[in-house]
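The chain is numbered in sequence order, starting from 1. Order of appearance sets the numbers: ligands from 1, and atoms from 1 within every ligand.
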Amino acid sequence: MCEFCHKHGEGKKWYLQAKNYSEDLLSDLKRRKFIADFLSHPEKLAEEVGKLEELNRAPAFVRRVLTPYMSGRQKKAHFGQVLPIEDVEHIFDFVNGIVRAACICRQANLGTEQRYCYGVSMAPQGGEFQKIIKEIDASYLTGPDTAGLETLTKEEALNSFRQHEKEGLCHSVWTYVAPFIGGICNCDRSDCMAMRSTVTYGFPVMFRAEYVAELNPELCNGCRQCMRACQFGAIGYSVANKKVIIDPRRCYGCGVCRASCTKDAITLHDRTSIARIW
Ligand code: SF4
Ligand code: SF4
């Protein structure tokens, strides 16, 4: 189990604990303000990632000091963890409301509405979280000139997630002042600020899944489709063996490679089961 499971899940997967989605957590005024500020200002996100890009060029000793500080700050406020589709399904099993909304990262980056973010709530109609969203001035989230918030059934949401996975997007669950969880996103390295910050600039705000991918070399035909799909650079190719190799130290456990493999040669395993090789 990861540090978040110990801190927010009493040793179990923290994002599978219903209490972390509770409406009660939204009575905290600081949390409400954080959510409203975060969702109202996509331009601030873009500015922050711009600063990280500059910091990425800073001398190593500056980065060594700043990285844990910045990462620690995010772990208290807004951090994400990668999770595979089976755990997304487990979450959809116990939440009572799922809404699809425009992604704030794509809004900040591309200036267009891209519907890759899903709000999850214990209240059937999205409860307090949706009320906060509706109160803020963010027309790309609420309409009327855009699709606004769409309420989905569990099956509709799962089908969309399967489609996003086929598109190569990795699922991640997000806090809005930890441990409150407000949504699940579908990320890629070019448009998702958190993934860029984590993978491209080395300032972690999005953390590895509780899983790691494993290859069955007997089934692998060396087509390299999985290698093209992996956004974390965890898959290499052995010219000699004509098969791919998965590096568990780089793998984030998203399962996107598994979805891209027509030979069923990749499976996900509990990360702790391979701890011996680290
Ligand atoms: S997609 Fe499957 S068959 Fe193709 S290289 Fe990857 S693991 Fe092997
Ligand atoms: S190897 Fe597979 S599971 Fe691991 S990060 Fe890459 S795509 Fe995700």
Side-chain angles (χ1 to χ4, degrees), residues 1-5 13-16 71 74 79-91 103 105 116-118 158 160-174 184-278:
M1 290 292 128
C2 69
E3 62 177 288
F4 309 119
C5 296
K13 288 192 185 105
W14 70 285
Y15 53 77
L16 296 184
S71 205
Q74 286 296 132
F79 75 86
Q81 186 174 17
V82 172
L83 75 174
I85 191 119
E86 48 268 48
D87 279 359
V88 172
E89 186 167 5
H90 288 321
I91 294 171
C103 166
C105 285
Y116 290 120
C117 292
Y118 295 72
L158 259 183
S160 296
F161 270 71
R162 288 190 193 106
Q163 184 54 36
H164 297 326
E165 195 167 274
K166 286 281 176 202
E167 290 174 289
L169 301 178
C170 129
H171 321 303
S172 57
V173 63
W174 287 90
I184 310 177
C185 300
N186 291 279
C187 310
D188 65 12
R189 200 161 153 182
S190 58
D191 299 330
C192 169
M193 306 284 200
M195 208 154 159
R196 254 167 57 198
S197 166
T198 301
V199 186
T200 309
Y201 304 134
F203 294 102
V205 297
M206 184 173 168
F207 299 87
R208 291 165 201 272
E210 304 296 325
Y211 302 87
V212 70
E214 194 169 67
L215 176 80
N216 180 343
E218 300 293 317
L219 298 176
C220 175
N221 67 6
C223 71
R224 286 182 265 188
Q225 192 52 42
C226 55
M227 199 170 144
R228 287 186 278 275
C230 178
Q231 303 200 47
F232 298 95
I235 305 184
Y237 180 71
S238 162
V239 175
N241 283 332
K242 301 205 169 12
K243 292 180 193 299
V244 292
I245 300 162
I246 299 175
D247 182 348
R249 289 161 300 189
R250 285 176 177 249
C251 174
Y252 271 63
C254 64
V256 169
C257 54
R258 177 181 62 175
S260 74
C261 178
T262 54
K263 299 292 173 192
D264 289 332
I266 298 177
T267 44
L268 290 185
H269 296 273
D270 197 320
R271 186 167 286 276
T272 53
S273 71
I274 57 127
R276 65 188 182 282
I277 66 168
W278 289 21

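Under 4.0 Å from ligand 2, heavy atoms of Cys251 appear from its side chain as well as its backbone. With a 4.0 Å cut-off on non-hydrogen atoms, Ile235 does not touch ligand 1 at all. Contacts between Asn221 and ligand 1 below 4.0 angstrom, taking non-hydrogen atoms only, involve backbone and side chain alike. Residue contacts with ligand 1 for Ile266 involve side-chain atoms from C-beta outward but no N, CA, C or O (heavy atoms, distance under 4.0 Å).
Under the side-chain contact (heavy atoms from CB on, under 4.5 Å) rule, Thr198 has a single partner from Phe232, Tyr252, Phe207, which is Tyr252. When His171, Glu210, Arg208 are each tested for a side chain to side chain donor-acceptor pair (under 3.5 Å) with Gln81, only one passes: Glu210.
In terms of protein heavy atoms, atom 6 (Fe) of ligand 2 is closest to Cys230 SG, 2.3 Å. The nearest protein atom to atom 4 (Fe) of ligand 1, hydrogens excluded, is given as Cys223 SG, 2.3 Å; this is a heavy-atom distance. Of all protein heavy atoms, the one closest to atom 8 (Fe) of ligand 2 is Cys254 SG, 2.3 Å. The protein atom (non-hydrogen) at minimum distance from atom 2 (Fe) of ligand 1 is Cys261 SG, 2.3 Å. The protein heavy-atom contact nearest to atom 5 (S) of ligand 2 is Tyr252 N, 3.1 Å.
A salt bridge does not link Glu218 to Lys263: none of the charged side-chain nitrogens sits closer than 4.0 Å to a carboxylate oxygen.
Using a 4.5 Å cut-off on side-chain heavy atoms (C-beta onward), Ile85 and Arg162 make contact. The closest side-chain heavy-atom distance from Ser71 to Val205 is not below 4.5 Å.
Side-chain contact check for Arg258 and Thr267: no donor-acceptor pair (N or O, by modelled atom type) lies under 3.5 Å. Donor-acceptor pairing under 3.5 Å is recorded for the side chains of Tyr118 and His164. For Tyr211 and Asp270, the side-chain atoms include no donor-acceptor pair closer than 3.5 Å.
Counting only distance, with no hydrogens or angles, the side chain of Ser238 and the backbone of Lys243 share no donor-acceptor pair below 3.5 Å.
Of all atoms in ligand 1, listed by their number and element, those nearer than 4.0 Å to a heavy atom of Gly222 are 5 (S), 8 (Fe). Ligand 2 places these atoms under 4.0 Å from at least one heavy atom of Cys257: 1 (S), 2 (Fe), 3 (S), 7 (S). Listed by number with element, the atoms of ligand 2 under 4.0 angstrom from any heavy atom of Ala213 are 3 (S). Remark: ligand 1 atoms within the under-4.0 Å shell around heavy atoms of Leu215 are 7 (S). Every atom of ligand 1 is numbered from 1 in the order shown, and the set under 4.0 Å from a heavy atom of Cys226 is 1 (S), 5 (S), 6 (Fe), 7 (S). Ligand 1 places these atoms under 4.0 Å from at least one heavy atom of Arg224: 4 (Fe), 5 (S).
None of the N, O or S atoms belonging to Cys170 lies under 2.8 Å away from atom 8 (Fe) of ligand 2. Inclusion of Cys220 in the first shell of atom 8 (Fe) of ligand 1 is supported: an N, O or S atom falls under 2.8 Å.
Taking CG of Asn221 as the start and SG of Cys261 as the end, the distance is 7.5 Å to the nearest 0.5 Å.
Using a non-hydrogen distance threshold of 4.0 Å, Gly253 registers as a contact of ligand 2.
Aromatic pair Phe4/Phe79: ring centres closer than 6.0 Å.
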